[in-house]
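What you are looking at is a predicted structure, and each value in this text was computed from that prediction instead of being measured.
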Amino acid sequence: MVWWLVFGRLGRSGFLYGRQGGFNYQQKYGLVNVKLKWAKDKALDAVVVGERELRAACILVSIISSNTNGCLPVYHLSRHRGQLGLPHDLKLSTFIRRYPTIFHEFHDLDSGGTLVPWFRLTLGALNLHQEELTILQQSQMDLLDRLRKLLMLTRYRILPLQTIDQLKWDLGLPYDYHHSLISHHPELFSLVCLPDDRVGLKLLKWDECLAVSQLQKNSTSQQKEEDVRNGSLAFPISFTRGFGLKRKCMEWLEEWQRLPYTSPYSDASHLDPRTDVSEKRIVGVFHELLHLTMQKKTERKNVSNLRKPLALPQKFTKVFERHPGIFYISKKSDTQTVVLREAYDRQQLLYKHPIVEIREKFSDMMKKGLLDRSRGLYKKSADAVLEEDSSKDVYGDELSDNRPTSEGESDCNIFFGV
């Protein structure tokens, strides 16, 4: 069942008209105590399933490929485990071995003479990663704009790097965006020391052309002319099939949609946080934030520390529960993921960025490897490699002067065939 509230076609004129005039009007509205039930959406749950494994695999691909020799021991990869988001009871080597179409395993001696697993990328994964790098290069201006708009959403145009790191996968930023993106644009960004001694990223220049939300951009095709003139833009609303919306809630939602819309890029300090108009502004902030992401979704915990930078009130994430027609909260994969409903037709993303298409190719490659491994297609070859490793003949003279002397060293001077 789908509801599209306060929608229609209109002209471009008068978009900002009534924005300031709605100030007195909006202050009259208190925060209405309306609770809408959470309903399971299998199609959007399917969007979330497998995302954790895909993200972890892609991060490992970036880490391994960044090494000069293209291979790393498992103990080196384990240092990055905190970035992967994998279950604590899952061994990293076990996870990597699930996807033999992505990672190729071999063994070498550590400083104590013990054979340890090393991993490099398969030829197919290398080719796909090279395709990804090309797309990242072609998308550099788009990624810069996404990062700039994210910083423009904040009060002082500053975010801790740690916060951006949590969002970089969703934003489509390169794994090494600190070096490959930020460092090449000193005219746009500056690293600053925050009061809590963390490193922050500051946007040096405000760009008025970027300070237009996606809802505003779509207004010419999705909003009524009268609403645009009054500055009362409405959000696309849809519900899970079979969702029962009581008449009282429907009336409140229709009235809420007609409230003034405050751009997430404008100063909202004049809004009373106890009003529905303030809540609509919060919804607008996260509506825009999710539009900045590649797949129009992010884990709820990724936005939990954005309250102060975005100048939001306490318990601001409650808007996700209060507006299930705009946001869907998936509880799959032992986390909560906020999905923007309007971006999907069932489980299909309506617009796919080239970076998303690359990720889907990685996902297909992982699924094939997992299936082939379950059929035992890789077991025989893996046993053969272990037998060769144990004989030490596989190393030859190539590693005689270059074996790791400690667990801190990670170079490998051999390149095995698939």
Is a donor from one side chain sitting under 3.5 angstrom from an acceptor on the other, for N67 and H76?
no
Can you name the closest pair of heavy atoms from G172 and R359 and give their distance?
CA-NH2, 3.8 Å
Are the side chain of K297 and the backbone N or O of V338 linked by a donor-acceptor pair below 3.5 Å?
no
Report yes if some heavy atom in the side chain of K149 is under 4.5 Å from a heavy atom in the side chain of L153; otherwise report no.
no
Please report the shortest heavy-atom distance between I158 and P309, naming the atom on each side.
O-CB, 4.4 Å
Between L147 and I164, does a side-chain contact (heavy atoms from CB on, under 4.5 Å) hold up when you go through it step by step?
CA-CA 9 Å; L147 182 55; I164 301 175; 4.1 Å; yes
Apply side-chain hydrogen bond (donor to acceptor under 3.5 Å, both in side chains) to H129 and list each qualifying residue two or more places apart in sequence or on a separate chain.
S65, E132
Separation between CD (E321) and NZ (K315), nearest 0.5 Å, reads 11.5 Å
Can a salt bridge be assigned to the pair E251 and R247 using a cut-off of 4.0 Å between side-chain N and carboxylate O?
yes
For the residue pair P324 and F239, establish whether any side-chain heavy-atom pair is separated by less than 4.5 Å.
yes
How close do A43 and Q347 get, counting heavy atoms only, and between which atoms?
O-CB, 3.2 Å
Does any part of the side chain of L203, heavy atoms only, come nearer than 4.5 Å to the side chain of F189, both counted from C-beta?
yes
Distance-only, no hydrogens or angles: does the S219 side chain make a donor-acceptor pair with backbone N or O of L215 under 3.5 Å?
no
Would one find more than 12 heavy atoms of other residues, nucleotides or ligands at under 6.0 Å from atom NZ of K40?
yes
Of D45, T337, T335, which meets side-chain hydrogen bond (donor to acceptor under 3.5 Å, both in side chains) against S330?
D45
How far apart are the C-alpha atoms of D165 and Y177, what are their side-chain angles, what is the distance that settles it, and do they pass the side-chain contact (heavy atoms from CB on, under 4.5 Å) test?
CA-CA 9 Å; D165 285 345; Y177 75 96; 2.7 Å; yes
Are the side chains of N305 and Q162 in contact, using a 4.5 Å heavy-atom criterion?
no
Carboxylate-amine/guanidinium contact D276 R322, below 4.0 Å
yes
Kindly check if the number of other-residue, nucleotide or ligand heavy atoms within 6.0 Å of CZ (R346) is above 12?
no
From L60 atom CG to Y175 atom OH, the distance as rounded to the nearest 0.5 Å
9.0 Å
Using a strict threshold of under 4.0 Å (side-chain N to carboxylate O), is an ion pair present between R148 and D145?
yes
Taking R97 first and then E105, would you say they form a salt bridge - that is, a charged N and a carboxylate O separated by under 4.0 Å?
yes
Between L204 and S190, the two heavy atoms sitting closest are CD2-CB, 3.6 Å
L194 side chain near P160 side chain, heavy-atom distance below 4.5 Å:
yes
Strictly under 6.0 Å, is that where the ring centroids of F286 and F320 end up?
yes
Heavy-atom side-chain contact between L128 and V61 under 4.5 Å:
no
Determine whether a donor-acceptor pair (N or O, by modelled atom type, separation under 3.5 Å) exists between the side chain of Q348 and the backbone of D345.
no
If you measure from CG on L144 to CG on L173, what distance do you get to the nearest 0.5 Å?
9.0 Å
Closest heavy-atom pair and its distance - H287, P236:
NE2-CD, 4.3 Å
Take W169 and E51 through the test side chain to side chain donor-acceptor pair (under 3.5 Å) and record every step on the way to the result.
CA-CA 11 Å; W169 166 264; E51 178 77 6; 2.6 Å; yes
When you compare the side chain of F235 with that of F327, does any pair of heavy atoms fall below 4.5 Å?
no
Do Y99 side-chain atoms and A57 backbone N/O form a donor-acceptor pair below 3.5 Å?
no
How far does CZ of R281 sit from CG of L310, to the nearest 0.5 angstrom?
7.5 Å
I'd like to know if the side chain of D176 and the backbone of H179 have a donor-acceptor N/O pair within less than 3.5 Å.
no
Give the C-alpha distance, both sets of side-chain angles, the deciding distance and a yes or no for side-chain contact (heavy atoms from CB on, under 4.5 Å) between Y265 and W206.
CA-CA 10 Å; Y265 297 104; W206 179 274; 4.2 Å; yes
Which residues satisfy the side-chain contact (heavy atoms from CB on, under 4.5 Å) test with K91, sequence neighbours excluded?
S93, T94
Donor-acceptor pair, distance only, cut-off 3.5 Å: does the side chain of E288 make one with the backbone of Q214?
yes
Among K280, R341, E279, whose side-chain hydrogen bond (donor to acceptor under 3.5 Å, both in side chains) with H323 holds?
E279
Side-chain donor/acceptor of T154 to backbone N/O of L150, under 3.5 Å
no
Between atom CG of D372 and atom NZ of K368, what is the distance when rounded to the nearest 0.5 Å?
4.0 Å
Roughly how far, to the nearest 0.5 Å, is the CD atom of E299 from the CG atom of L167?
10.5 Å
Answer yes or no: is there a donor N or O on one side and an acceptor on the other, between the side chain of T114 and the main chain of D110, under 3.5 Å?
no
Do the rings of F106 and W118 sit parallel, tilted or perpendicular, given the 30° and 60° boundaries?
parallel
Determine whether a donor-acceptor pair (N or O, by modelled atom type, separation under 3.5 Å) exists between the side chain of T275 and the backbone of S278.
yes
E360 and K352 ion-paired at < 4.0 Å:
yes
When you measure from the side chain of T101 to the backbone N and O of M365, does any donor-acceptor pair fall under 3.5 Å?
yes
Any side-chain heavy-atom pair of F95 and L84 under 4.5 Å
no
Is there a side-chain contact (heavy atoms from CB on, under 4.5 Å) between Y351 and V356? Walk through the geometry before answering.
CA-CA 9 Å; Y351 168 74; V356 175; over 6 Å; no
Looking only at heavy atoms, what is the nearest atom pair of R52 and S333, with distance?
NH1-O, 3.5 Å
